[in-house]
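Single-structure report; data block below.
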Amino acid sequence: MTMNAATAADTTPWPARTTAWYVAILLMLANTLAFVDRQAMALLVQPIKADLQINDTAISLLYGLSFTLFYVAVGIPIARIADRSNRRNIIAGAIFVWSVATSVCGLVRSFAGLFAARVMVGAGEGGLTPAAYSLLSDYFPKEKLPAAMGVYQIGLYLGGASALIIGGLISTAIPPSSTVLVPVFGALKGWQLVFLLLGLPGLVLTALMLTVREPLRRGAAVAQEKVPLSELFAHIGARKGAYIGITLGFALMIFIGNGTSVWIPAFLQRTYGWTTAQVGSHYGPIVFLCGTSGALAGGLVASKLRAAGRSGASLKASLFGFVALVPITIAFPLMPSATGALVLIGLMNFFAGFNFGGGLATLLEMTPNRMRALISAFYMLTINLIGAALGPTAIALCTDYWFADPQRLPEAIALVAGFASPLSVLALWLGMRSYHAQMGQAQGAE
């Protein structure tokens, strides 16, 4: 895009409201399917462990490391492509790849096979978020973007809840440890059937995604077709306090969020004696109702604060959620009853969702248009390396080696949360300070 083209894009009216929200909803559904695949693994921890004869640490590697390997490897190259090519096609291709890989998870019969299939799920999902964030930033003006980001993040909770509820329903009809004969594929375990079926909706969404039009790129642009990495690093270096603080704060929050989401189903089963079906029917609706209401509330609060002229409105809303999560994440696994634990888990999902509408929106505002997908990819790389890969494993290492007892999962969750939750608040607060200082310098230079 030349500078004249960039100027023309900036003076062109924004896409129609209905069109923009249609795109946001499709992207939310894509995010939903992505998290269906992730949470299904968490629901089926106990039967997978029993069938494959593996420990908690091996389960955490299936959920975190296997997924993150190619998610991280694919994210940066795909983002480089997304910053200069058709983002709609990238997203459609990503949905197709991870959906097929999810179904393959239901056909494997060993730890190595399941690990490899999970790697391919991560490879597909690695193409979604950087391109989706960049696409949304060209469908919504800045004052509407946090709300759109909040809707996109609803997919996290809708996907998690759908996996739990649907997986629970399938488990009610076909117990995860039972064997069922499936035409063409032969004898499969109940847990394998869940994966096989959950991959199918993605094929429909792939076709729907192809109805989206690639929008004009807006905002600061560069004449080059490809942004040099030296220019990207120079841009980040001039604002490193804000970029590092905000990214690290969210990475630590996701360290706790991912870690707990993996182990909550097993926690409910080991601590309170619940079945897989009970976990799905009780925990699933809580994830959906509390997570989605939190995501919507956070996005709307950030948008209202911005409309009122509050500097750093998105970060202020996020910091409130971060602070609220500290006592909740430590206390929920130590509750004496399942009811008390579920109440706090609901609050945890609400405040985790509350945070997502604004943090990355702030980073995108600080970033020239043709670096946005790349910045999103670096952001996702960091939070996935710290959060997705390390969060589940940190808790598993505590149960397997610190306590050497899987039944002490509640103490393991509380221990890890007590370390990481306060650090997330500190990191985000430092990032906010740098952001405000940077904004003050920018205003003073005008």
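Here the structure is a predicted model, which is why all the values come from computation and not from measurement.
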[X] vs [Y] side-chain heavy atoms within contact, under 4.5 Å:
| X | Y | answer |
| --- | --- | --- |
| L347 | L344 | yes |
| L33 | P201 | yes |
| D405 | T399 | no |
| L52 | L114 | yes |
| N31 | L128 | yes |
| V104 | M120 | no |
| L409 | T271 | no |
| N55 | Y401 | yes |

[atom2] on [Y] to [atom1] on [X], rounded to 0.5 Å:
| X | Y | atom1 | atom2 | result |
| --- | --- | --- | --- | --- |
| L248 | Y379 | CG | OH | 11.0 Å |
| L319 | L428 | CG | CG | 5.0 Å |
| S85 | E214 | OG | CD | 7.5 Å |
| I395 | T260 | CD1 | OG1 | 6.5 Å |
| W429 | L315 | CH2 | CG | 14.0 Å |
| F350 | L325 | CZ | CG | 10.5 Å |

Practice prompt. Measure up the H282 and W274 rings against each other and bin them: parallel (under 30°), tilted (30 to 60°), perpendicular (over 60°).
Written response: tilted
Please check: side-chain N/O of [X] versus main-chain N/O of [Y], any donor-acceptor pairing under 3.5 Å?
| X | Y | answer |
| --- | --- | --- |
| R88 | L210 | yes |
| T19 | P15 | no |
| R270 | Q407 | no |
| T172 | G168 | yes |
| S434 | G431 | no |
| E125 | G122 | no |
| T179 | A187 | no |
| T211 | A207 | no |
| S134 | A131 | no |
| T247 | I244 | no |

Taking side chain to side chain donor-acceptor pair (under 3.5 Å) as the cut-off, I'd like each qualifying pair that reaches into [range], sequence neighbours left out, listed once.
| range | result |
| --- | --- |
| residues 182-203 | D51-W191 |
| residues 97-120 | D37-W98, D37-T102 |
| residues 415-426 | T329-S421 |

Got a sec, which residues hit side-chain contact (heavy atoms from CB on, under 4.5 Å) with [X], two or more places apart in sequence or on another chain?
| X | answer |
| --- | --- |
| F185 | L107, V182, L188, L196 |
| V262 | Y63, P392 |
| A420 | F255, I256 |
| L43 | L164, T276, V279 |

Worksheet item: Are there more than 12 heavy atoms of other residues, nucleotides or ligands under 6.0 Å from atom OH of Y22?
Response: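 Count over threshold, so yes.
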Discussion item. Does F115 have more than 12 heavy atoms from other residues, nucleotides or ligands lying within 6.0 Å of its CZ?
Written reply: yes
Fill in: Contact summary for A117 and A101, nearest pair of heavy atoms
O-CB, 4.0 Å
Discussion item. Could you go through C105 and V121, starting from their C-alpha distance and side-chain angles, then the distance that decides it, and tell me whether this counts as side chain to side chain contact (heavy atoms under 4.5 Å, CB included)?
Written reply: CA-CA 9 Å; C105 286; V121 172; 4.2 Å; yes
Discussion item. Holding to side chain to side chain donor-acceptor pair (under 3.5 Å), I want the full list of residues that pass it with T57, two or more places apart in sequence or in another chain.
Written reply: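 With neighbours one apart ignored, the set is D400.
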Discussion item. Holding to side chain to side chain donor-acceptor pair (under 3.5 Å), I want the full list of residues that pass it with Y272, two or more places apart in sequence or in another chain.
Written reply: none
Practice prompt. Quick one: list whatever passes ring-ring contact (aromatic ring centres under 6.0 Å, His included) with F195, sequence neighbours left out.
Written response: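 Here no residue qualifies.
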Discussion item. Using the ring-ring contact (aromatic ring centres under 6.0 Å, His included) criterion, which residues pair with Y152? Sequence neighbours excluded.
Written reply: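 Once residues adjacent in sequence are excluded, the partners of Y152 under the ring-ring contact (aromatic ring centres under 6.0 Å, His included) criterion are Y133.
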Worksheet item: Who pairs with K49 by salt bridge (charged side-chain N to carboxylate O under 4.0 Å, His left out), at least two apart in sequence or on another chain?
Response: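 Expected list: D56.
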Worksheet entry | Worked check of side chain to side chain contact (heavy atoms under 4.5 Å, CB included) between Q278 and Q269 | CA-CA 9 Å; Q278 284 178 301; Q269 291 172 312; over 6 Å; no
Item to complete: Would you sort out whether W21 and F140 count as a side chain to side chain contact (heavy atoms under 4.5 Å, CB included), showing the intermediate values?
Response: CA-CA 9 Å; W21 283 110; F140 291 87; 3.5 Å; yes
Worksheet item: After noting the C-alpha distance and the side-chain angles of F351 and F322, does the key distance pass the ring pair (Phe, Tyr, Trp, His ring centres under 6.0 Å) rule?
Response: CA-CA 7 Å; F351 285 112; F322 274 50; over 10 Å; no
Discussion item. Please evaluate residues L385 and L390 with respect to the criterion side chain to side chain contact (heavy atoms under 4.5 Å, CB included), reporting the C-alpha separation (whole Å), side-chain torsions for both, the decisive distance (0.1 Å), and the verdict.
Written reply: CA-CA 7 Å; L385 283 177; L390 300 182; over 6 Å; no
